[in-house]
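First up is the structure itself, then whatever we jot down about it.
Since we're looking at a predicted model, the values are computed, not measured. This chain uses plain numbering: 1 for the first residue, then up along the sequence.
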Amino acid sequence: MKKIIKILVETTTKLIFIAAGIIICAPVFLVITGSVMGSSDLQECLAPVFQDAKGFVSWKLIPKYPTIEHYIKLLFQTPQFFVLFWNSVKMTLFILAGQMLVGIPAAWAFAVYPVRGKNVLFTLYVVLMLLPFQVTMFSTYLILNKLSLLNTHWAVILPAIFNTFPIFVAYGGFKSIPDALLEAARIDGAGELYIFIKIGFVLGKSGILSAIVLGFLEYWNMIEQPLAFIENKALWPLSLYLPEIDWTRAGFAFSASVIMLIPAVFVFVMGQDYLEQGIVYSGLKL
């Protein structure tokens, strides 16, 4: 009887997780199918929204007349799409590089050196990390205005470089390095820079790569920061690219969404193990 109950519980749990996974993945699947729908299919499905037709929006799991015309138009006839794409690449790479230059040494210092008041300062970093963008937006806007950086890419890049989240994640990776190993290296005559590069980077790479993966997923899809600090639409990232939509351009918008999704999915798949480790490290305490 206990075995039957156990099997029923396990089966029910699996079905619940499968159902949850289907619900979560459904919007992505609908976007992908919408990107290869012909105009007649889109008109039929979206007529209640864009043409004030009666009834409800419907959707087709398999398009009646699949086409790649939306992708062709987007990739070969829309140069502004590539401008925004490279804006996203530029901002994301500069942010991640800056975070590695600033955040990784800071995380190493927090994890390795017994400085008085370290715990208080690190707690302050955690509090700053938990503050939403809306809380710090006005003060950041005033500083950027004083520095004459508004309406430039640096208005988004510089505040993100000094984000405390990569410090918090990389700290967990460095904290997992045994203190005895570091002391042994010092006894053998290794300098602090040598220890940081040869031991810290090698043994703490899981935390560093976790910070990179999480940072990419966040900044590749950022919306609020460029909307608040960049007025010139030619400087916007790809995450803000959305043409004026009616049923004739819905497939175009779906195609843009799919292409926007590809780099994020690629980074997620390649760094999935490190992403999981980053989540574990984010739960570590001082």
Side-chain angles (χ1 to χ4, degrees), residues 88 90-147 149-150 152-177 192-193 196-197 200-201 203-230 237 239 264 267-268 271 274-286:
S88 283
K90 173 185 175 181
M91 285 191 279
T92 303
L93 291 182
F94 271 89
I95 289 171
L96 294 179
Q99 287 183 345
M100 295 305 101
L101 290 175
V102 174
I104 300 306
W108 175 257
F110 276 122
V112 172
Y113 300 116
V115 181
R116 180 178 296 178
K118 178 183 71 173
N119 291 351
V120 176
L121 182 58
F122 191 79
T123 302
L124 177 61
Y125 269 49
V126 174
V127 172
L128 292 174
M129 180 186 71
L130 296 176
L131 291 177
F133 171 72
Q134 291 81 359
V135 174
T136 59
M137 179 178 65
F138 183 65
S139 57
T140 304
Y141 182 91
L142 294 177
I143 294 173
L144 293 172
N145 186 43
K146 279 289 185 180
L147 297 175
L149 293 175
L150 288 176
T152 67
H153 285 155
W154 293 108
V156 174
I157 295 171
L158 286 179
I161 285 177
F162 296 97
N163 192 313
T164 59
F165 182 72
I167 299 175
F168 182 70
V169 176
Y171 168 86
F174 291 141
K175 196 66 177 177
S176 64
I177 301 175
E192 294 300 322
L193 182 60
F196 173 56
I197 295 175
F201 263 93
L203 299 183
K205 67 178 181 179
S206 56
I208 297 173
L209 293 175
S210 298
I212 292 174
V213 172
L214 291 168
F216 181 89
L217 295 177
E218 177 180 357
Y219 295 111
W220 181 258
N221 299 299
M222 62 182 171
I223 293 177
E224 294 176 321
Q225 296 90 330
L227 270 178
F229 303 139
I230 299 179
S239 54
V267 171
F268 174 81
Y274 300 110
L275 182 61
E276 294 173 355
Q277 293 173 6
I279 295 172
V280 172
Y281 290 145
S282 65
L284 294 178
K285 297 182 179 180
L286 283 171

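Remark: I223 engages L227, S239, L240 in a side-chain contact (heavy atoms from CB on, under 4.5 Å) (not counting sequence neighbours). By the side-chain contact (heavy atoms from CB on, under 4.5 Å) test, A228 pairs with F133, M137, sequence neighbours left out.
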Show the atom names and distances, to 0.1 Å, of all donor-acceptor pairs under 3.5 Å that link a side chain in residues 152-165 to residues at least two apart or in another chain.
{"from": "T152", "atom 1": "OG1", "to": "L149", "atom 2": "O", "distance (Å)": "2.5"}
{"from": "T152", "atom 1": "OG1", "to": "W154", "atom 2": "N", "distance (Å)": "3.4"}
{"from": "H153", "atom 1": "ND1", "to": "K90", "atom 2": "NZ", "distance (Å)": "3.2"}
{"from": "H153", "atom 1": "NE2", "to": "L235", "atom 2": "O", "distance (Å)": "3.0"}
{"from": "N163", "atom 1": "OD1", "to": "F165", "atom 2": "N", "distance (Å)": "2.8"}
{"from": "N163", "atom 1": "ND2", "to": "Y219", "atom 2": "OH", "distance (Å)": "3.1"}
{"from": "T164", "atom 1": "OG1", "to": "Y125", "atom 2": "O", "distance (Å)": "3.1"}
{"from": "T164", "atom 1": "OG1", "to": "M129", "atom 2": "N", "distance (Å)": "3.4"}

Would you give me the side-chain donor-acceptor pairs under 3.5 Å for residues 108-116, sequence neighbours excluded?
{"from": "Y113", "atom 1": "OH", "to": "E192", "atom 2": "OE1", "distance (Å)": "2.7"}

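With rounding to the nearest 0.5 Å, the separation of CD in E218 from CG in L96 is 10.0 Å.
Residues I167 and A106 approach most closely at CD1-CB, 3.9 Å, considering heavy atoms. Contact record, S206 with S210: O-OG, 2.6 Å, taken as the closest heavy-atom pair.
Counting heavy atoms from C-beta outward, T123 and V120 have side chains that stay 4.5 Å or more apart. Residues V213 and F216 fail the side-chain proximity criterion, which asks for heavy atoms closer than 4.5 Å. No side-chain heavy atom of I95 sits under 4.5 Å from any side-chain heavy atom of T92.
Sorted by first and then second residue, the side-chain hydrogen bond (donor to acceptor under 3.5 Å, both in side chains) pairs with a member in residues 135-146 form an empty list; sequence neighbours excluded.
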